[in-house]
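In what follows, chains carry the letters A, B, and so on, assigned in the order in which the sequence lines appear, proteins first and then strands, with residues in each chain numbered from 1. When reading the values below, keep in mind they use all heavy atoms of this one structure, side chains included, and skip hydrogens, waters and symmetry mates. Predicted, not measured: the structure shown is a model, and the values here were computed from it.
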Amino acid sequence: MNWISQKEFIEIYPPKEFNTEECLIFLKRSNQEVLHRIKDGYLFKLLKINGLPILCQIKLQSNSIKVEFPMHVPSERSHEEIAQYIWAWFDLEKDLSSFYEMAKEDSILKPLVQNYYGLRIIGMPDLFEALVWAISGQQINLTFAYSLKRRFVEQFGESVMFKGETYWLFPLPERISTIQVDDLRQLQFTHRKSEYIIDIAKMMAIGQLSKEKLLIKATYDEMKKCLVSIRGVGAWTADYVLMKCLLQPESFPIADVGLHNALKRQLALNQKPTIEEITSYAMHWTGWQAYATFYLWRSLYDETL
DNA sequence: GCCCAGGCGCTAC
DNA sequence: GTAGCGCATGGG
């Protein structure tokens, strides 16, 4: 991690392939997003650090990410944790040069990496958030998924007010482990999804499941196997979480309908590609399937490609 | 009213 | 091991 810590702010230095505009397009994709806000040229994000809510005011620039604290300045020992969150949020650890080397020889990815050069996977460092988000979004459109997430966060999360705006924290497993299925049914989660989410909260609250425990696993397949053993987590959800939370570049949610639609459009097909066809395209992407997927998802936000 | 949504678990064969 | 089905509701 390349950064400096001062008393009143942090400055993080991203690698050269980092396009702030591209990252912002992703961060702005829903007007129902409640876990960050973009305002006055800053990105605002509330984090809970050592038990305290810390509002971060982030200036994203290509050569520097400056983080200031407009409410409470955290202790200097908290600075590293904040920097690590942001480092993971924008997947700044990855060296994308070999992805770009591969992509410029790939007929599907070539135009995407030209158009979106410097786009990085926008991560979700909080495992509970990643699991709840993925499960909530199973088999429903993204707009509805964002509605569910907003209700969930506003019902069970902590918040702070600053200059007339409310900033939210994602609810902790400890809190969700104590609620009932009906509490989530009222927010229009399905009965099943409500059970899955509460069960996962219980597992995480007692430490049976954590990011650390997953990262101990030696291989991708072992991490995936561990996730898939959880009720409500199938192959798609496991790959999604490994991509967005554990930042595994080889993760590949191959059954993803967004991926299918992006490929259909990119290749001007009359129908969505089959799994066999996608497997064939992806042979060339080995080791970078997550980035290939993320760039394809990005293409869905362009009207003119 | 219809089809599709960033799927999954369960059952039957 | 896999094909089929119910879930449960919003968006277009």
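- Summary of the strand contacts: A:I140 and A:T143 both lie near DNA chain C, and taking for each the nucleotide with the nearest heavy atom, the more 5' one is attributed to A:I140.
- Close approach of DNA chain C to chain A, defined as any atom under 4.0 Å from a non-hydrogen atom of the protein, starts and stops at C:dA8 to C:dG11.
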For a side-chain hydrogen bond (donor to acceptor under 3.5 Å, both in side chains) check, start with the C-alpha distance between A:Y146 and A:N141, then their side-chain angles and the critical distance, and finish with the verdict.
CA-CA 9 Å; A:Y146 270 107; A:N141 64 68; over 6 Å; no

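- Every residue was checked against the ring-ring contact (aromatic ring centres under 6.0 Å, His included) condition with A:Y220, not counting sequence neighbours, and none meets it.
- Across the protein-nucleic acid pair, A:W297 atom CH2 and B:dA5 atom P stand 15 Å apart, rounded to whole Å.
- Side-chain contact between A:R175 and A:I179 is present, with heavy atoms from C-beta onward closer than 4.5 Å.
- When each of A:Q32 and A:Q139 is assigned the nucleotide of DNA chain C bearing its nearest heavy atom, the one mapping closer to the 5' terminus is A:Q139.
- Computed from coordinates, the A:N141 CG to B:dG7 P distance equals 10 Å when rounded to whole Å.
- To the nearest whole angstrom, the two P atoms, one in C:dG10 and one in B:dG9, are 24 Å apart.
- The separation between A:N261 atom CG and B:dC3 atom C1' is 13 Å, rounded to whole Å.
- Ion pairing between a basic and an acidic side chain is recognised when a charged N comes within 4.0 Å of a carboxylate O; A:R231 and A:E195 show such pairing.
- Residue A:H260 is out of contact with every strand shown, counting any heavy-atom pair closer than 4.0 Å.
- Rounded to an integer number of Å, the gap from CD1 of A:I275 to P of B:dG7 is 11 Å.
- Distance alone, capped at 3.5 Å, is enough to place a donor-acceptor pair between the A:K211 side chain and the A:P125 backbone.
- Between the side chain of A:R120 and the main chain of A:E17, a donor-acceptor pair closer than 3.5 Å is present.
- For the atom pair A:L47 CG and A:I86 CD1, the distance stands at 6.5 Å (nearest 0.5 Å).
- In this structure, A:L43 and A:H36 have side chains that are in contact, with non-hydrogen atoms separated by less than 4.5 Å.
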What string of B, S and - do you get for nucleotides 8-13 of chain B, 5' to 3', if B is base contact, S is sugar-phosphate-only contact and - is no contact with any protein heavy atom under 4.0 Å?
SSS---

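- In this structure, A:K272 reaches the sugar-phosphate backbone alone: every heavy-atom distance under 4.0 Å involves primed, P, OP1 or OP2 atoms, never a base.
- In this structure, the side chain of A:S177 engages the main chain of A:E174 through a donor-acceptor pair within 3.5 Å.
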